[in-house]
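Worksheet: one structure, shown below.
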Protein chains: 2
Amino acid sequence: MPKPRYQRRKQDRPQEITQAAFAAFAEKGYTATRVEEVAQRAGVSKGLMYLYFKTKEELFKAVVKSVVIRRIDQLIDTIESTELSSEDFIRGPLLSFMKQLPGSPVAIVIRLLISEGPRHPDLVDYYYDNVVAKGIGAITKFVEQGVERGEFRQSAITELPQLFLAPVMLSIIWGLIFKDRPLDTDKLIETQIDMLLAHIKA
Amino acid sequence: MPKPRYQRRKQDRPQEITQAAFAAFAEKGYTATRVEEVAQRAGVSKGLMYLYFKTKEELFKAVVKSVVIRRIDQLIDTIESTELSSEDFIRGPLLSFMKQLPGSPVAIVIRLLISEGPRHPDLVDYYYDNVVAKGIGAITKFVEQGVERGEFRQSAITELPQLFLAPVMLSIIWGLIFKDRPLDTDKLIETQIDMLLAHIKA
DNA sequence: GTAATTACTGACTCACGGGTCAGTAATTAT
DNA sequence: ATAATTACTGACCCGTGAGTCAGTAATTAC
């Protein structure tokens, strides 16, 4: 028969389904997304969904974990191996990293965690440990490095690495709520970096 | 009969119901909250809910609108009538205002708008016009006032009033997702103000 | 007091969507 | 080819919760 109605693709299904689910959740949020709809997007039947994920909630967890950015590990590696001065590193690689966050999947994950996080403390822990703590830790370590090198002075910022992330967070939330209203997120982030550097430079 | 089973209180019901609904939404979010539960909290039957609000969605809108902080108008009035220098005003009334936001109902509304906003563009507009635009406008106006007075110099910050709100936003989101993990939001906000002032003082 | 009014109740309906499973057809083994 | 295996389908089940409404009792009018 020339037209098999479907192919067996056990290997690829999970990925394809989580990808489809991520797209759907991004558009409608977790609750408003129907399992049937994810199935359609992934090109499978509703029944198959439940062969790969026991429940909708389990699918949800798989989706969130699937977008844990490994880029953060990249960034940490870069910090450790860079030969740039602290300031140049901040104005270069770190700034680029920060600028792309508002448009990245991280924004969606933030939305999902705000909506559904309270019902999934384990997921929140997971994200905190693997993304937030790492990111905060990297920034802290980096600032301390700058102090050791004599480029930066001691200041409150060593204990408040969140100040680097504040404009990123605002940009993300702004984008989530006020999608269409303009905001120059790049300039916002740049200006914050300017201020921070002015504040800690030795 | 000494024990009437209920009292008729047409006047107070709407308020009582929206208050109960706000509390419930704050705890569980919109979708996970059952109309029946709000009814119980408000001490009325489920049926009565529908005499005051045609649908659950309409109740939702009423709730969000009910917490549109009039405090923002207060703040604007204060700006216009203050005799403090620009810096003193920022370090005083404005700082206090900012510090109390993360623990205020605004945080809840942010959560609700992130979760449900995409399905209620009119509500988003309403909130933007009556809270965000006003707040942003007030800060902008105030900074410009400082420039006119010669206290501040021209800078990118005039066009980026969101820099004032960035640490507030981060504090709010942090509180929503990582409820229990400590963050010194007051210090975060204070330090941002310090930096901003250092950056724009003439 | 009694009647008229209406705020309020709670048992009901019904659509919706998560989850199931007997059957089917693609694949693999023989 | 044929049988054995199993990835996959889609019609079905059933709990849940939004929304209804006929009836009830508190209030008001007389």
Side-chain angles (χ1 to χ4, degrees), chain A residues 1-25 27-64 112 115-116 118-120 123, chain B residues 1-25 27-64 112 115-116 118-120 123:
Chain A
M1 295 294 100
K3 273 186 184 171
R5 296 203 295 147
Y6 58 83
Q7 292 181 327
R8 296 181 166 194
R9 315 225 322 286
K10 194 179 178 174
Q11 295 305 319
D12 305 330
R13 295 300 190 199
Q15 261 212 17
E16 291 176 8
I17 292 172
T18 48
Q19 259 179 264
F22 179 79
F25 293 164
E27 277 177 29
K28 304 195 163 189
Y30 171 75
T31 318
T33 298
R34 309 295 145 220
V35 172
E36 172 75 45
E37 196 197 322
V38 176
Q40 273 177 267
R41 284 193 193 233
V44 300
S45 68
K46 186 179 169 187
L48 192 65
M49 301 286 293
Y50 288 90
L51 294 183
Y52 289 105
F53 302 94
K54 270 205 281 294
T55 65
K56 190 187 177 190
E57 301 244 318
E58 200 186 272
L59 171 61
F60 176 68
K61 290 185 186 182
V63 167
V64 173
L112 294 173
S115 306
E116 308 300 327
R119 294 195 301 129
H120 299 281
L123 208 55
Chain B
M1 295 299 100
K3 274 188 188 173
R5 297 206 294 148
Y6 58 82
Q7 291 183 328
R8 295 181 166 195
R9 316 226 320 288
K10 192 178 179 173
Q11 294 307 317
D12 305 329
R13 294 299 191 200
Q15 261 211 18
E16 293 176 6
I17 292 173
T18 49
Q19 259 179 263
F22 179 79
F25 292 164
E27 278 178 28
K28 305 194 163 192
Y30 170 76
T31 318
T33 297
R34 309 295 145 219
V35 172
E36 172 75 45
E37 194 196 324
V38 176
Q40 273 176 268
R41 283 192 193 235
V44 299
S45 69
K46 186 180 171 186
L48 192 65
M49 300 286 293
Y50 288 88
L51 294 183
Y52 290 104
F53 302 94
K54 270 204 282 294
T55 65
K56 190 187 176 190
E57 302 247 316
E58 199 185 272
L59 171 62
F60 176 69
K61 290 184 187 183
V63 167
V64 173
L112 293 173
S115 306
E116 309 300 327
R119 294 195 298 131
H120 299 281
L123 208 55

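Just so we're on the same page: letters track the sequence lines, and every chain starts at 1.
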Set of side-chain contact (heavy atoms from CB on, under 4.5 Å) partners for B/K61, sequence neighbours left out: B/H120, B/D122, B/L123

For A/E27, check salt bridge (charged side-chain N to carboxylate O under 4.0 Å, His left out) against everything at least two apart and list the hits. A/R41

Can you list everything that forms a ring pair (Phe, Tyr, Trp, His ring centres under 6.0 Å) with B/Y30? Sequence neighbours excluded, please. B/F25, B/F60

Rounded to the nearest Å, what distance is computed from the CG atom of residue A/D12 to the P atom of nucleotide D/dA7? 14 Å

The answer to which of A/R9 and B/G47 contacts DNA chain D further toward the 5' end, by nearest nucleotide, is A/R9

Table of protein N/O atoms under 3.5 Å from nucleotides 15-19 of chain D N/O atoms:
unit_1: D/dG17; atom_1: OP1; unit_2: B/R34; atom_2: NE; d: 3.1
unit_1: D/dG17; atom_1: O5'; unit_2: B/R34; atom_2: NE; d: 3.1
unit_1: D/dA18; atom_1: OP1; unit_2: B/R34; atom_2: NH1; d: 3.4
unit_1: D/dA18; atom_1: OP1; unit_2: B/K56; atom_2: NZ; d: 3.3
unit_1: D/dA18; atom_1: OP2; unit_2: B/V35; atom_2: N; d: 3.1
unit_1: D/dA18; atom_1: N7; unit_2: B/K46; atom_2: NZ; d: 2.8
unit_1: D/dG19; atom_1: OP2; unit_2: B/Y50; atom_2: OH; d: 3.4
unit_1: D/dG19; atom_1: OP2; unit_2: B/K56; atom_2: N; d: 2.9
unit_1: D/dG19; atom_1: N7; unit_2: B/K46; atom_2: NZ; d: 3.1
unit_1: D/dG19; atom_1: O6; unit_2: B/K46; atom_2: NZ; d: 2.8

So for B/R5 and D/dA25, does any side-chain atom that can act as donor or acceptor lie under 3.5 Å from a complementary atom in the base? no

Round to the nearest Å and state the distance from A/Q7 atom CD to D/dT6 atom C1'. 16 Å

For A/K10 and D/dC8, what is the distance between atoms NZ and P respectively, to the nearest whole Å? 9 Å

Point-to-point distance, once rounded to the nearest 0.5 Å, from CZ of B/R34 to NZ of B/K56: 5.5 Å

Round to the nearest Å and state the distance from B/Y6 atom OH to C/dT9 atom C1'. 7 Å

Quick check on D/dC8: is either OP1 or OP2 less than 4.0 Å from any side-chain nitrogen or oxygen of A/R13? yes

Surrounding CD of A/Q15 (heavy atoms of other residues, nucleotides or ligands, distance under 6.0 Å), is the total greater than 12? no

Take atom CG of B/L48 and atom C1' of C/dA7, then tell me their distance rounded to the nearest Å. 7 Å

Decide whether B/S115 and A/E116 meet the rule of one side-chain donor and one side-chain acceptor closer than 3.5 Å. no

Whole-Å distance separating the CG atom of B/L51 from the P atom of C/dT9: 9 Å

Among the candidates C/dG10, D/dT24, C/dT24, find the nucleotide nearest to the side-chain atoms of B/S45. C/dG10

Closest listed nucleotide, where the reference is the side chain of B/R8 and the choices are C/dT9, D/dC8, D/dA26: D/dA26

Please list, chain by chain and in numerical order, all residues satisfying side-chain contact (heavy atoms from CB on, under 4.5 Å) with A/S45, sequence neighbours excluded. A/L48

Which base sits across from D/dC30 as a Watson-Crick or G-U pair, both distances under 3.5 Å? C/dG1

May I ask you to verify if any side-chain N or O of B/Y52 is less than 4.0 angstrom from the OP1 or OP2 atom of C/dC8? yes

Give each protein N/O atom lying under 3.5 Å from an N/O atom of nucleotides 1-3 of chain C, with the pair distance.
none

